[in-house]
There are 2 protein chains.
Amino acid sequence: MSGPRFEPVRTVRAYERIVEQVEEAIESGALCPGERLPSERDLMVQFSVSRSTVREALRVLQARGLVRSRPGDPHGAEVQPFSPAALHKSMTTLARVDELSLGELVQFRMVLDASANLLAARLRTDEQLAEMDAAIAGMRAAVEVGYDAFSAADIAFHDAVARASRNKLIQICTDVVRSIVLGLVSGKIAAAADREALMRQSIAHHEEVLAAVRAGDGPLAARLSRQTMYDYYLGYVPVDERPALRALLE
Amino acid sequence: MSGPRFEPVRTVRAYERIVEQVEEAIESGALCPGERLPSERDLMVQFSVSRSTVREALRVLQARGLVRSRPGDPHGAEVQPFSPAALHKSMTTLARVDELSLGELVQFRMVLDASANLLAARLRTDEQLAEMDAAIAGMRAAVEVGYDAFSAADIAFHDAVARASRNKLIQICTDVVRSIVLGLVSGKIAAAADREALMRQSIAHHEEVLAAVRAGDGPLAARLSRQTMYDYYLGYVPVDERPALRALLE
DNA sequence: GTGGATTTGTTCGTATGTATT
DNA sequence: TAATACATACGAACAAATCCA
């Protein structure tokens with residue numbers, strides 16, 4: 001005796017309904033960054049729930065980076081502009097609990113950076129080219145100063161390339177994965193004995209990459225960027241993971 | 001009168017301290033998936049905070065996908081195995097609030113899928129090759145059945161390739177970005193008049209890719225996979241975004 | 001700058017429905 | 001079935017932070 005096909009009911013928490021509604025309002029553009037949510041007391045009236053429930057919803061929204069609330073602020077929680085912080089958080093968690101290896105992370109950086117260079121070689125503006133020039137000049141100047149300054153200039157170069165790719169997803173993922181990788185190895189690099197030689201070699205490689213980008217040769221820029229990153233990080237990647245990295249060098 | 005350089009104090013919420021401690025316990029491996037947190041009442045004793053504060057912390061941990069709590073469960077919140085759900089959520093949010101275009105998303109899929117194929121061509125096992133064969137057979141069988149079945153088989157193929165790349169980050173990002181793209185266009189594809197022709201063409205392309213992977217020709221597999229995806233999605237990408245896609249076809 | 005009003009952060013107590021034993 | 005322990009949700013209260021007149 002088959003009656004009407006009923007669907008399983010998942011009881012959804014009160015706070016979750018609030019999260020959904022506010023999320024929808026923000027993602028649809030009804031609420032823009034800088035605008036304010038009603039106060040907690042107003043929200044408990046509008047949703048007809050208790051204050052605790054409102055607060056649990058706000059904590060979730062805050063964890064997702066959509067709003068921020070400060071004690072005593074009479075204007076209510078502020079809608080935040082999108083930031084990759086939440087993305088960064090979950091990817092960092094992934095790296096730790098799922099034991100993402102340095103090899104996998106560097107491999108992913110090679111993929112992203114090569115693609116960014118490939119696209120940048122065809123889509124870059126002269127202004128972006130100038131930014132890359134400036135970044136390499138910064139790297140050169142920073143060799144004497146120290147690793148932190150060098151790393152900052154290096155980041156500026158890769159950021160300029162990522163922007164020139166005109167793909168926001170590549171930009172953001174580049175940023176997130178890079179900071180995770182640097183968190184794992186920057187200490188070791190800073191302490192390396194041959195640090196200065198590594199820097200000089202890296203600069204030379206970056207100049208080759210930039211020349212290819214300037215010439216509009218995407219495939220060459222991509223290949224050189226992979227090689228550059230490979231050479232730079234190889235020493236910190238466990239031996240048994242190196243073949244996988246080499247597989248990207250074709 | 002410059003005194004000692006004091007640093008600004010950021011008052012950190014009580015619930016945030018709880019989140020940090022539990023997060024650290026989970027990410028360090030002290031708490032493993034399947035294990036249970038103490039009950040809310042025990043937690044309020046251990047952290048010497050109120051029930052509401054404990055609950056706000058649990059909501060945040062739940063939003064990050066680290067734990068899950070059910071009403072009435074006498075064992076307390078359960079530590080969850082990592083799932084890309086949180087990653088998926090934040091990337092979907094990014095796509096909506098930052099107005100990620102379909103072109104950018106498809107471009108990113110092309111980058112990921114090409115890299116996965118490049119690596120798979122060199123690292124795949126015979127078993128994974130068989131999985132890809134089976135997936136393509138499934139696609140062929142599904143042409144008569146309908147778009148949903150076809151899409152499922154298509155996903156199975158790309159998943160097999162991603163797994164064969166042996167890079168978890170590529171696997172997860174592939175999964176996340178694909179589901180976002182499909183959410184945007186699957187309705188249009190299912191309703192397309194020339195749907196069946198598209199499917200048959202897609203199958204032929206997938207067979208070429210697989211042949212390259214089987215032959216161990218990574219660069220060829222990568223190039224063909226880019227072309228396959230380009231052809232499949234081109235019709236749904238706005239005209240002004242198409243040049244950026246073509247830039248990946250070298 | 002001061003004070004008062006308002007808001008968030010946090011606590012406590014209570015009631016209710018649910019899952020386990 | 002009953003007992004127990006749990007999560008969910010509510011409401012009142014106080015302290016600390018913020019804003020505005």
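Every chain is numbered from 1 and lettered A, B, ... according to where its sequence line falls, protein lines coming before strand lines.
- The residues B:Glu24 and A:Arg96 are annotated as salt-bridged, a charged nitrogen and a carboxylate oxygen being separated by less than 4.0 angstrom.
- Between the A:Ser90 side chain and the A:Leu87 main chain, a donor and an acceptor come within less than 3.5 Å of each other.
- For the pair B:Arg36 CZ and D:dA5 P, the computed distance is 18 Å after rounding to whole Å.
- One finds a salt bridge joining B:Arg163 and B:Glu131 here, because a Lys/Arg side-chain nitrogen approaches an Asp/Glu carboxylate oxygen to under 4.0 Å.
- When each of B:Ser39 and B:Ser52 is assigned the nucleotide of DNA chain D with its nearest heavy atom, B:Ser39 is the one assigned upstream, toward the 5' end.
- Considering only heavy atoms from C-beta on, B:Tyr236 stays 4.5 Å or farther from B:Val181 through its side chain.
- If you take OG1 on B:Thr93 and CD on A:Glu27, they are separated by 4.5 Å, rounding to the nearest 0.5 Å.
- The nearest whole Å value for the distance from the CE atom in B:Met44 to the P atom in D:dC6 is 12 Å.
- The separation between A:Glu40 atom CD and D:dG11 atom P is 15 Å, rounded to whole Å.
- Side-chain contact between B:Met132 and B:Asp159 is absent, with no heavy atoms from C-beta onward closer than 4.5 Å.
- Residues from residues 56-68 of chain A that place a heavy atom under 4.0 Å from any atom of DNA chain D: there are none.
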Task: Heavy-atom protein contacts under 4.0 Å, nucleotides 14-21 of chain C, coded B base, S sugar-phosphate only, - none - done: ----BSS-
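- Using a 4.0 Å heavy-atom distance criterion, A:Ser69 is classed as a sugar-phosphate-only contact.
- As a whole-Å value, the separation of A:Phe47 CZ from D:dG11 P is 16 Å.
- In this structure, B:Arg17 atom CZ and C:dT10 atom C1' are separated by 15 Å, rounded to whole Å.
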Residues 62-71 of chain A, side-chain donor-acceptor partners within the protein, below 3.5 Å, at least two apart:
from	atom 1	to	atom 2	distance (Å)
A:Gln62	OE1	A:Arg59	NH2	3.1
A:Gln62	OE1	A:Ser69	OG	3.3
A:Arg64	NH1	A:Glu23	OE1	3.4
A:Arg64	NH1	A:Glu23	OE2	2.9
A:Ser69	OG	A:Arg59	NH2	2.9
A:Arg70	NH2	A:Asp73	OD2	2.9

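- If you take CZ of A:Arg55 and C1' of D:dA9, they are 15 Å apart, rounded to a whole angstrom.
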Open item on the list: Test side-chain contact (heavy atoms from CB on, under 4.5 Å) on B:Asp113 and B:Met229; report intermediate values, then the result.
Closed with: CA-CA 9 Å; B:Asp113 199 57; B:Met229 200 165 294; 3.7 Å; yes
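- Residue B:Thr53 is classed as a sugar-phosphate contact, given heavy-atom separations below 4.0 Å to backbone atoms only.
- With 3.5 Å as the limit, one finds no donor-acceptor pair spanning the side chains of A:Arg55 and A:Tyr15.
- For the pair A:Ile18 CD1 and D:dC10 C1', the interatomic distance rounds to 13 Å; values are reported in whole Å.
- Following rounding to the nearest Å, B:Tyr15 (OH) and C:dG9 (P) show an atom-to-atom distance of 7 Å.
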